[in-house]
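Step one of this worksheet: look at the structure below.
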Amino acid sequence: MNVKPFTIALDGPAAAGKGTIARALSEHFSMPHLDTGLLYRAVGYKVSQGKNPLQAAIDLTEGDFANPSQLRTRIAGEHASQVAAMPEVRAQLLEFQRNFARRNGGAILDGRDIGTVICPDAEVKLFVTADDRTRAQRRFDELWPNDPTLTYDAVFADLQKRDARDASRDDAPMAQADDALLLDTTKLAIDAAVAAAVRFVQEKRT
Ligand code: DC
């Protein structure tokens, strides 16, 4: 087993497939995975209940995102994107993410700024993307069973708005690191996307 730190950074826009790929890599390589979007979703959720954003980030514990189904809703995603644009919130969440990333045995983190800001020295960087309509369809298929009033157009509009905010904020905007491999999953079945990611990690491990 690899006992040294070995960080795998996966970034990309909403619903591109990075979470699915990160979970598959976590299983394949037996490395812990942190979905960093959940940190912002948990802070956003507390803020939507009246808490101050910085205080919500300071008080955040692992228990707040251990049970993520209530955080994976459409509205929680919007709240997350709003608090994620606040530099004081991002600064407060930085150390937890870096500590997770550098644990012995390796770790996988997915988000928007992992390869650029949180772990610029990550051993593996992937930027996972897909075209806008494909991503909106995937997110719609995921959310619709729990919310049959939802329309594809509403999901598409949400994603466009959220991506624009995430990519244009001043602090740690969503971006592909110069040394990240671009993985476009528009025309890739999930198995093929995972296989490509596994191959890339294996090359970097040897
Ligand atoms: O990956 P997600 O959809 O769960 O992320 C929710 C929001 O959190 C997303 O709109 C942007 C923000 N986010 C971020 O700014 N930085 C990260 N590393 C992860 C998520």
Side-chain angles (χ1 to χ4, degrees), residues 7-23 25-26 33-48 53-54 56-57 60 64-102 107-120 122 125-130 132 134-143 146 150 154-177 180 183 185:
T7 307
I8 302 176
L10 289 135
D11 292 302
K18 58 188 188 308
T20 307
I21 293 172
R23 283 189 294 277
L25 290 176
S26 169
H33 163 224
L34 179 65
D35 171 356
T36 64
L38 282 181
L39 306 183
Y40 297 94
R41 284 173 182 262
V43 171
Y45 181 76
K46 285 171 186 260
V47 171
S48 74
L54 177 58
L60 198 72
D64 292 323
F65 49 92
N67 209 340
S69 56
Q70 71 177 4
L71 301 177
R72 296 217 198 269
T73 64
R74 206 182 140 203
I75 187 80
E78 176 60 21
H79 288 139
S81 176
Q82 287 177 15
V83 298
M86 299 174 181
E88 68 276 20
V89 169
R90 303 198 75 83
Q92 183 61 37
L93 299 178
L94 190 106
E95 193 183 332
F96 175 78
Q97 295 175 80
R98 284 201 178 140
N99 288 342
F100 188 96
R102 297 317 281 170
I108 301 165
L109 289 83
D110 77 272
R112 303 290 188 290
D113 63 338
I114 308 302
T116 50
V117 173
I118 304 294
C119 305
K125 295 183 189 178
L126 277 160
F127 193 82
V128 185
T129 191
D132 294 1
T134 304
R135 292 189 294 109
Q137 187 65 52
R138 288 179 189 159
R139 188 46 54 92
F140 175 73
D141 292 345
E142 184 187 315
L143 295 175
N146 291 320
L150 198 60
V155 173
F156 183 74
D158 276 1
L159 283 196
Q160 296 265 324
K161 187 166 135 206
R162 202 142 72 82
D163 288 347
R165 189 192 292 121
D166 294 343
S168 67
R169 65 180 175 229
D170 291 334
D171 189 23
M174 169 174 70
Q176 180 181 353
L183 184 56
T185 66

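Just follow the structure's listing: the first ligand is 1, and inside any ligand the first atom is 1. Nothing fancy with the numbering, it's 1 onward along the sequence.
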- Task: Pull out every atom of ligand 1 sitting under 4.0 Å from any heavy atom of Ala84, numbered as shown with elements.
- Result: 12 (C), 15 (O)
- Item | Among Arg162, Arg41, Arg165, side-chain hydrogen bond (donor to acceptor under 3.5 Å, both in side chains) partner for Glu78 | Arg165
- Item | Residue pairs fulfilling salt bridge (Lys or Arg N to Asp or Glu O under 4.0 Å) with at least one residue in residues 81-97, sequence neighbours excluded | Arg90-Asp113
- Message: Can you tell whether the side chains of Asp158 and Arg139 come within less than 4.0 Å, N to carboxylate O?
- Response: no
- Item | Check: Asp113 N/O within less than 3.5 Å of ligand 1 N/O | yes
- Message: Among all protein heavy atoms in this structure, tell me which lies nearest to atom 8 (O) of ligand 1, with the distance rounded to 0.1 Å.
- Response: Tyr40 CB, 3.6 Å
- Please state which part of Arg169 comes within less than 4.0 Å of ligand 1, counting heavy atoms only: side chain, backbone, both or neither. side chain
- Measure Arg112 to ligand 1 on non-hydrogen atoms and call it side chain, backbone, both or neither using the 4.0 Å cut-off. both
- Query: Which of the atoms in ligand 1, numbered in the order shown and given with their element, are less than 4.0 Å from a heavy-atom of Gly111?
  - Reply: 17 (C), 18 (N), 19 (C)
- Query: Below 4.5 Å, heavy atoms only, C-beta onward: do Val47 and Val89 meet side chain to side chain?
  - Reply: no
- Query: Of all the non-hydrogen atoms in the protein, which one sits nearest to atom 11 (C) of ligand 1, and at what distance?
  - Reply: Asp166 OD2, 3.2 Å
- Message: Ignoring hydrogens, what is the shortest heavy-atom contact between Leu10 and Ala22? Give both atom names and the distance.
- Response: CD1-CB, 3.5 Å
- Check ligand 1 against Ala80 and write out every atom of the ligand that is under 4.0 Å from a heavy-atom position of the residue. 6 (C), 7 (C), 8 (O)
- Query: To which protein heavy atom is atom 6 (C) of ligand 1 closest, and what is the distance rounded to 0.1 Å?
  - Reply: Arg162 NH1, 3.5 Å
- For ligand 1, which atoms, with element, lie under 4.0 Å from some heavy atom of Thr36? 17 (C), 18 (N), 19 (C)
- Do you know the tightest heavy-atom contact between Ile108 and Phe100? O-CE2, 4.0 Å
- Query: Can you list the ligand 1 atoms lying under 4.0 Å from a non-hydrogen atom of Arg41?
  - Reply: 2 (P), 3 (O), 4 (O), 6 (C)
- Task: Answer with yes or no whether Glu78 contacts ligand 1, where contact means a heavy atom under 4.0 Å from a ligand atom.
- Result: no
- Quick one: do the Arg138 and Thr185 side chains pair a donor with an acceptor below 3.5 Å? yes
- Item | For ligand 1, the portion of Arg165 having any non-hydrogen atom under 4.0 Å away | neither
- Closest heavy-atom pair, Pro53 versus Val43, reported as atoms and distance to 0.1 Å, is O-CG1, 3.9 Å
- Closest to atom 16 (N) of ligand 1 among protein heavy atoms sits Arg90 NH2, 3.0 Å
- Task: Kindly give the heavy-atom pair with the smallest separation between Arg102 and Thr7, and that separation in Å.
- Result: NH1-OG1, 2.6 Å
